[in-house]
Amino acid sequence: MKIVGKSIRRVDGLAKVTGQARYPQDFYLEGMLYAKALRSRYSHALIKKINVSRARELEGVRAVLTAQDVPGRNLFGHMIADQPVLCQDKVRFRGDAVAVVAAESEEIAQEALSFIQVDYDPLPVVSDPRQALKPDAPRVHEKGNILTHYKIRKGDVEKAFQEAHLVIESNYRTPCVEHAYLQPESGIAYVEDTGDLVIIVATQCVYIDRHQIARSLGLPEEKVKVVLAETGGAFGGREDISVQILIGLLALKTGRPVKMTYSREESILSTAKRHPAYMRYKSGVDREGRLLAWEAEIIADTGAYASSGAAVVQNMAMYASGPYKVDNVKIDAYAVYTNNTFAGAMRAFGCPQVTFASEMQMNKLAAALGMDEYEFRRRNAMVGKSEFATGYLADVDNCQIVCLDEVVRLSNWKEKRYRQNKEAGKDRFYGIGIAAGFKNVGYGSGYVDSSSAEVELMPGKVRLKISAVDQGQGVETILCQIAAEELAISMENVEYTNPDTSVTPNAGSSSASRQTFNSGNAVRLACLDLKKNLQQLLDSRKWKRPPGYPGHTSYNWSNILQEFLSMEGETEGMASVIGRATYVPPPTTPLDPETGEGIPAYSFGFGAQVAEVVVDKRTGQVDLKKVYAAHDVGRAINPLQVEGQIEGGVVMGQGYALMEEIILKEGETLTPDLATFDIPTSLDVCDIESAILEVPDRHGPYGARGVGEMTTISTAPAIAAAVHDAVGVWIDELPVTAEKVVRALKEKEFQGKDVREETLPEKTLQEKDFQDQALREDKGIAHAPRRTTSHENWVIFKGDLNV
Amino acid sequence: MPRVTQRSIKFKMYFQRKGSKEALFREISFRLNGEPVRVRVRSDQRLIDLLRDTLGLRGTKEGCGRGDCGSCTVILNGLAVTSCLVLAATVEGAEILTVESLFRNGRLDPLQEAFLEKGAVQCGYCTPGLLMSAKALLLENPHPSLEEIKIAVSGNLCRCTGYKKIFEAIQLAAER
Ligand code: FES
Ligand code: FES
């Protein structure tokens with residue numbers, strides 16, 4: 001291979017380093033208006049009356065619209081449409097839009113908002129999903145607060161727990177976090193002379209957006225054109241509609257271009273989050289350390305609207321038992337509505353939550369068994385033809401094992417783990433921890449997952465048309481590499497056409513780590529089609545061989561291609577030759593509602609990470625020193641970009657593990673900016689050593705799997721395990737803040753034990769903290785100490801323990 | 001001259017943006033990317049808006065508007081500052097460099113070249129700000145240590161790359 005497998009520079013890199021790349025913010029159209037939305041004042045309330053007349057009278061205001069002005073369905077949603085474009089009679093969270101203004105300047109639009117009068121009738125707020133499950137809880141939606149309840153039933157867990165040598169039960173909690181892509185939501189809309197509505201926006205899929213926009217604006221889809229602007233990060237957060245419908249509505253009403261850009265606060269307040277989850281896990285092993293039974297109850301806060309919540313929670317159920325062989329599994333996963341900011345897709349789609357819990361379980365089990373954590377995982381890892389918890393039988397090769405082996409080799413685990421002296425200065429202790437993790441590539445679960453591509457050979461270049469969105473991950477470069485490889489031409493000859501629903505075919509969304517896999521295959525197939533068409537052209541004798549070519553045999557499709565490429569610009573009378581293809585991946589199915597049986601996915605990505613920390617016992621401060629990450633990507637089409645995905649994913653995992661939390665109180669966001677919602681900075685990050693492994697996938701292009709999401713899954717549990725190794729406490733609640741570490745150490749001390757000697761999780765009952773309401777007793781600020789209910793584990797020992 | 005980082009020059013100036021009719025105007029001159037500029041600014045206009053809206057230099061990005069993210073970093077009299085927290089009217093007589101200054105006559109700055117080579121760019125939204133922080137560092141300290149690099153870009157958030165490749169790129173540019 002000449003181009004696939006090479007660390008080619010990004011094709012969009014030049015525009016980005018010179019400041020010429022055009023994000024939606026950078027579009028300035030003649031005569032454009034600026035839009036601002038009025039957000040709800042309450043987390044839950046009925047709207048009695050909205051009076052916009054004073055706002056309309058303000059000089060420079062061109063439109064003030066409310067629910068009545070929405071011509072189509074006043075609902076949207078990525079998978080289930082239950083979110084109003086503009087709320088009519090009820091608001092369900094603080095980010096709900098009640099009215100929207102277009103004015104000559106941003107300042108006037110902002111000012112106009114204060115002239116809109118809304119009379120609310122506040123309703124009781126439900127902000128804890130465990131409370132929302134109760135029958136008498138306030139109802140967020142008519143149909144009740146349970147969005148979905150997924151079940152997985154395999155074997156007989158009760159019996160297996162009775163037979164188990166050792167059972168560990170714990171509660172875990174993971175926080176609400178924000179994607180925090182650097183580019184806030186923005187878009188610009190205008191109406192063309194033909195009457196078509198054009199929306200230029202940063203998104204993850206132009207086609208899914210178009211569908212929702214057209215539905216709400218009451219337009220046929222062909223009358224709406226969604227054009228991709230440069231997208232400044234997405235991580236799942238741009239799967240949902242943000243500004244699109246509002247600006248479309250205003251452009252149609254005013255006849256002028258309308259631009260809307262969210263402030264960072266509005267972005268944090270009103271767009272999707274990662275589902276916070278409350279998880280009760282119970283796992284049993286036999287004497288040899290083989291997993292016998294696995295039970296989990298997961299309550300995920302999906303906030304005010306469905307978004308992709310149902311699918312995220314389905315994923316949580318599917319991957320709740322990790323990449324391990326277990327014969328007896330019982331999972332219950334609930335997605336529950338509350339009056340919090342809605343939760344949707346975020347990098348790794350439900351897996352970071354359940355993987356944190358399941359890998360913590362694995363580490364606790366290993367500790368209780370006195371087994372090496374790596375050996376314990378290796379013993380239980382799925383290898384070859386394996387049966388998933390959903391009953392699905394698939395060949396997963398030895399992917400998980402090679403990742404574990406590699407990360408252990410890379411990190412020198414065997415020596416560091418058993419280092420005798422762990423002191424690293426006064427009150428400071430060194431610790432090391434390991435975690436594994438896997439995730440589906442592609443939507444799976446029965447969702448349509450195809451991708452279509454078109455390659456057009458024209459004078460001077462090959463134009464690649466496909467709606468795959470590059471949100472920064474580099475899919476544009478990957479697809480150009482694949483096209484160049486297949487057609488045996490150089491990268492410079494391939495031109496990537498900007499995704500635009502009127503020009504490029506549907507490639508599905510840039511999510512689920514699927515673009516390299518699905519669109520990569522689509523581009524390969526389209527190239528094959530192009531070659532076939534060129535050959536036909538030759539065979540049909542429509543193509544005249546240039547004089548001087550003697551033999552018939554040596555002249556083939558690639559000669560025609562080269563001739564096209566050597567032509568300059570628009571050569572007269574030259575039509576182009578086109579290759580088209582749609583790739584449809586192997587079928588999957590949704591979970592059976594009662595048993596959870598089903599085919600979760602057609603491809604998986606695996607990884608394992610080791611984290612090294614130094615913990616200050618006095619302050620509780622956790623310093624992440626180094627992360628080793630081994631990921632099986634099937635085939636690295638661009639190793640430099642794979643490394644970028646690993647490093648970015650690890651740092652996002654680090655933020656999840658140690659720093660990030662969107663704090664909500666009665667539905668109100670108390671961390672609405674990047675000063676209170678901390679993401680890792682250059683001073684927080686540690687060194688990362690990555691290993692790219694290549695166990696080819698059966699269906700992926702050149703064997704490639706996905707990688708974007710898998711890299712962020714196992715970081716948090718690896719760090720939590722390292723903290724335990726350092727100071728002997730399990731922190732079961734993310735993020736692992738200094739306060740939690742200190743509290744856990746204090747409690748341990750209180751029990752009169754020396755934490756350094758402690759190797760087994762302590763024996764305490766847990767039931768109460770699952771029902772415990774008190775989430776945030778403090779009045780609000782990000783770093784105020786919070787009451788935590790972590791590190792309460794319940795260990796049931798049977799027989800003797802040979803530690 | 002002490003080295004100044006983003007975080008240490010948070011001009012905590014929270015000003016009210018009012019309707020344009022009430023604003024006062026003032027004419028100022030300064031040097032922008034080496035060229036003299038004379039322009040009328042509103043008294044409440046931020047430097048980032050002057051650059052982007054009035055002067056059409058859109059390489060400078062806004063990610064938060066309150067000094068937290070560093071996407072809007074430009075070099076003001078040799079120092080990297082967050083242009084969302086600088087009032088335009090205060091740059092009278094100043095020397096300002098934006099990301100557009102790095103690409104001259106079709107030639108990339110060594111930093112830009114290194115960012116591309118090392119894979120330090122993903123979504124690219126943080127990139128102009130990071131380049132300017134790095135440029136300010138190298139102008140003052142051509143051979144920074146890794147620690148110095150980390151401090152210099154500590155006010156520039158990047159959500160995509162995990163920073164490692166950014167450090168490597170800056171080191172590489174410094175070597176050249
Ligand atoms: S936009 Fe200026 S620091 Fe974020
Ligand atoms: S490359 Fe996306 S934020 Fe830095």
Side-chain angles (χ1 to χ4, degrees), chain A residues 7 9-10 12-23 25-26 28 59-60 104-108 110-111 179-184 230-235 261 263-264 470-474 640-641 643-644 646-652 654 673-675 679-683 685 687-688, chain B residues 7 17-21 23 44 52-53 56-69 71 98-100 102-103 108-109 111-113 115-129 131 149-167:
Chain A
S7 291
R9 286 186 185 192
R10 300 184 67 95
D12 53 358
L14 185 67
K16 285 177 174 174
V17 294
T18 53
Q20 284 158 7
R22 289 175 92 201
Y23 301 85
Q25 276 90 341
D26 304 328
Y28 286 65
E59 197 188 317
E104 297 290 343
S105 77
E106 229 171 329
E107 289 81 358
I108 300 173
Q110 187 67 45
E111 202 172 340
H179 309 77
Y181 27 74
L182 263 280
Q183 179 233 327
E230 199 66 66
T231 301
F235 314 113
T261 301
S263 65
R264 178 57 64 183
D470 199 322
Q471 47 180 276
Q473 85 280 38
L640 186 69
Q641 289 192 176
E643 254 175 50
I646 295 178
E647 290 162 14
V650 165
V651 169
M652 202 177 263
Q654 173 191 352
D673 48 49
L674 294 173
I679 63 172
T681 70
S682 60
L683 295 177
V685 296
D687 191 18
I688 299 163
Chain B
R7 293 255 185 220
R17 289 210 268 159
K18 283 272 172 60
S20 53
K21 53 182 189 272
D44 60 353
R52 289 177 53 87
D53 300 350
L57 294 184
R58 302 196 178 124
T60 305
K61 306 294 177 204
E62 177 162 357
C64 70
R66 43 176 291 167
D68 296 330
C69 75
S71 311
T98 68
V99 68
E100 284 85 358
L102 300 181
F103 187 52
L108 291 174
D109 187 273
L111 271 167
Q112 292 172 311
E113 194 68 44
F115 266 59
L116 291 177
E117 189 175 327
K118 285 287 173 187
V121 180
Q122 286 190 26
C123 83
Y125 201 74
C126 66
T127 308
L131 285 168
I149 291 174
K150 286 187 177 183
I151 291 169
V153 300
S154 63
N156 294 81
L157 295 176
C158 172
R159 190 59 154 169
C160 302
T161 63
Y163 302 101
K164 186 178 171 188
K165 299 202 179 305
I166 292 169
F167 305 151

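Proteins come first, then strands; the chains are lettered A, B, ... in the order of their sequence lines, and each starts at number 1.
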Region of B:Lys150 that comes under 4.5 Å of a non-hydrogen atom in chain A: both
Smallest separation among heavy atoms of B:Asp53 and A:Tyr28, with atom names: OD1-OH, 2.6 Å
A:Arg264 side-chain N/O to B:Asp68 backbone N/O, donor-acceptor pair under 3.5 Å: no
By side-chain contact (heavy atoms from CB on, under 4.5 Å) - contacts of A:Pro680 (at least two apart): A:Val651, A:Met659, A:Glu660, A:Asp684, A:Val685, B:Arg159
Closest non-hydrogen atom pair between A:Pro184 and B:Gly63, with its separation: CG-O, 3.7 Å
Side chain to side chain contact (heavy atoms under 4.5 Å, CB included) partner of B:Gln122, chosen from A:Glu647, A:Lys16, A:Gln473, A:Arg10: A:Arg10
For B:Cys160 against A:Phe235, the heavy-atom pair lying closest together: SG-CZ, 3.8 Å
Residue pair A:Leu182 / B:Leu157, side-chain heavy-atom distance below 4.5 Å: yes
Between CD on residue B:Glu62 and OG on residue A:Ser263, distance to nearest 0.5 Å: 9.0 Å
Short side-chain to backbone donor-acceptor contact, B:Lys165 and A:Gly644, under 3.5 Å: no
Verdict with supporting geometry, A:Tyr23 and B:Tyr125, ring pair (Phe, Tyr, Trp, His ring centres under 6.0 Å): CA-CA 8 Å; A:Tyr23 301 85; B:Tyr125 201 74; 4.9 Å; yes
Top of B:Leu116, B:Asp109, B:Leu111, B:Leu108 for chain A proximity - count of heavy-atom pairs under 4.5 angstrom: B:Leu116
B:Thr161, part contacting chain A, at a heavy-atom distance under 4.5 Å: backbone
Shortest non-hydrogen contact from A:Gly232 toward B:Cys123: C-SG, 3.5 Å
Student check: side-chain heavy atoms of B:Arg52 and A:Asp26 closer than 4.5 Å: yes
Leading residue by heavy atom contact count with chain B [cutoff under 4.5 Å; candidates A:Gly648, A:Ser682, A:Gly472]: A:Ser682
Pairwise side-chain contact, A:Thr681 with B:Asn156, heavy-atom cut-off 4.5 Å (strictly under): no
Student check: side-chain heavy atoms of A:Asp673 and B:Arg66 closer than 4.5 Å: yes
A:Val17 versus B:Val121, closest heavy-atom pair with distance: CG1-CG2, 3.7 Å
Trace of the salt bridge (Lys or Arg N to Asp or Glu O under 4.0 Å) decision for A:Glu643 with B:Lys118: CA-CA 11 Å; A:Glu643 254 175 50; B:Lys118 285 287 173 187; over 6 Å; no
Pair A:Thr18-B:Leu102, side chain to side chain contact (heavy atoms under 4.5 Å, CB included): steps then yes or no: CA-CA 7 Å; A:Thr18 53; B:Leu102 300 181; over 6 Å; no
Contacts of type ring-ring contact (aromatic ring centres under 6.0 Å, His included), residue B:Phe115, not counting sequence neighbours: none
